[in-house]
Protein chains: 2
Amino acid sequence: MALRLLDEHGLPDLTMRNLADALGVQPSALYWHFPNKQALLAAVSARILAPVSEMSTSGTTIHATSVHDQVRDLGDTLRECLLTYRDGAELVSSSLAFGLIESPVHPKLLEATKDADISERLVRIAAATLTHYVVGYAFHEQQRLQADSLGLLPADAELTPEAAGETAAHTGADDFDAGIAMIADGFEAAIRSSSTVG
Amino acid sequence: MALRLLDEHGLPDLTMRNLADALGVQPSALYWHFPNKQALLAAVSARILAPVSEMSTSGTTIHATSVHDQVRDLGDTLRECLLTYRDGAELVSSSLAFGLIESPVHPKLLEATKDADISERLVRIAAATLTHYVVGYAFHEQQRLQADSLGLLPADAELTPEAAGETAAHTGADDFDAGIAMIADGFEAAIRSSSTVG
DNA sequence: ACCTGAACACCGTTCAAGT
DNA sequence: ACCTGAACACCGTTCAAGT
């Protein structure tokens, strides 16, 4: 029900009182099921991220996909999850930051790279970099999308007034992919230099 | 005054009412100076990020530092700013996401790379990647630091119970640097492949 | 085990009115 | 130009009491 309220009315309207109303119950009733609002929001965040946790880990298949592709798949799926529900990126961002949930990217990247000889530390760092990038990007992106859909012009567009030809629609998903590719390349470079040294 | 309240009592206590009290004024008085609370918080965020905007751009000096070092300097300085004030990372994260301020990393990285022959698109993507990574990392980090200082054990530590020897203090600033290095390497790889093609 | 009723201690924001 | 006073419409959370 919280997930439904979130998507229909947004995070600011996802209050304990509104949720209780939608469930036909008193607000205090929610506190038998959750210790506080943050815990409830963390549970909602986990649901939003479930598709990432349930991704098929292609690490053990016959034709092993490249590390680059694994990283890209993880990043794309994570971004999709965050954009599926209104304010999803904002909600997950804060749940992650407050340590109320773990990023599913880390265990997934461990699985996907367990055949290769890569230090766990490197995987942990790549997972953190990827998670922070995707969540931050999607948060910002979702905000712009929602501002657009309300007819407001995004504040970002006004800052380069002379670049009128490239304002709209081009600064979108391509940039996201390029950022993912940069992280994947950096990961591979780190793998190379560590296996060279070790 | 808002900056002082933030650092002394944290973001949840930085309310219009508390700020008005600290200024010896009625809450409604603040609405003559700022249209709403978000605008006020955006102004505070800009102050927190000021040291990044005021960094000396070493791009025009005689001995040009490497792109790798430029990225590292920017990332380190940004992280320092965010950790300087209590809840600084959280505040800046939301101001950035809502488009109420711009990341100072983008213009700085443009300055620093303007002598080299690097496409503006690549610089924009590297700046976005770096910003999202550093802000997300610092947000999470600051939360853990503050939980620690309150005597609470961070939730993250309990998830790998067998890894008792590596729990504390090692998963810290080194990992941050390694993430920055990964982004810098990915940036350089992208520069190489674009100048090869172009 | 699960929920109600009522209260406590707050919020951001508006707006007529003052000086 | 800058602020007060008072109100409006909300919040999250607690806790005795019910069934």
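Proteins come first, then strands; the chains are lettered A, B, ... in the order of their sequence lines, and each starts at number 1. Only heavy atoms go into these numbers, but all of them, side chains included; no hydrogens, no water, no symmetry mates.
- Listed by first residue number, the stems of DNA chain D with at least three Watson-Crick or G-U pairs below 3.5 Å are C:4-8 with D:12-16, C:12-16 with D:4-8.
- Under the side chain to side chain contact (heavy atoms under 4.5 Å, CB included) criterion, B/Arg47 pairs with B/Leu3, sequence neighbours left out.
- Judged as a side chain to side chain donor-acceptor pair (under 3.5 Å), and not counting sequence neighbours, A/His9 has no contacts.
- Using atom C1' as the reference point in both D/dA9 and C/dC10, the two lie 13 Å apart (nearest Å).
- The stretch residues 11-37 of chain B participates, sequence neighbours left out, in no salt bridge (charged side-chain N to carboxylate O under 4.0 Å, His left out) pair at all.
- Rounded to whole angstrom, the span from the CG atom of A/Leu23 across to the P atom of C/dT4 amounts to 10 Å.
- B/Ala22 is linked by a side chain to side chain contact (heavy atoms under 4.5 Å, CB included) to B/Met1, B/Leu5, counting only residues two or more places apart in sequence or in another chain.
- Aromatic ring centres of B/Tyr133 and A/Tyr133: separated by at least 6.0 Å.
- For the C1' atoms, the distance from D/dC3 to C/dA16 is 13 Å, rounded to whole Å.
- At whole-Å resolution of the value, CG in A/Leu30 and P in C/dC2 are 14 Å apart.
- Remark: B/Asp7 engages no residue in a side chain to side chain donor-acceptor pair (under 3.5 Å) (not counting sequence neighbours).
- Judged as a side chain to side chain contact (heavy atoms under 4.5 Å, CB included), and not counting sequence neighbours, the contacts of A/Ala178 are B/Arg121, B/Ile125.
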Subject >> Sugar-phosphate or base contact per nucleotide [nucleotides 9-14 of chain C; S, B, -; heavy atom under 4.0 Å] >> reply: --BBBB

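- Within the 4.0 Å cut-off from OP1 or OP2 of D/dC3, not a single side-chain nitrogen or oxygen of B/Gln26 is found.
- For B/Ser45, the side chain to side chain donor-acceptor pair (under 3.5 Å) test picks out B/Ser95, with sequence neighbours left out.
- Contact between the side-chain N/O atoms of B/His33 and the OP1/OP2 oxygens of D/dC3 is found at a separation under 4.0 Å.
- Between A/Trp32 atom CH2 and D/dC15 atom C1' the separation is 16 Å, expressed in whole Å.
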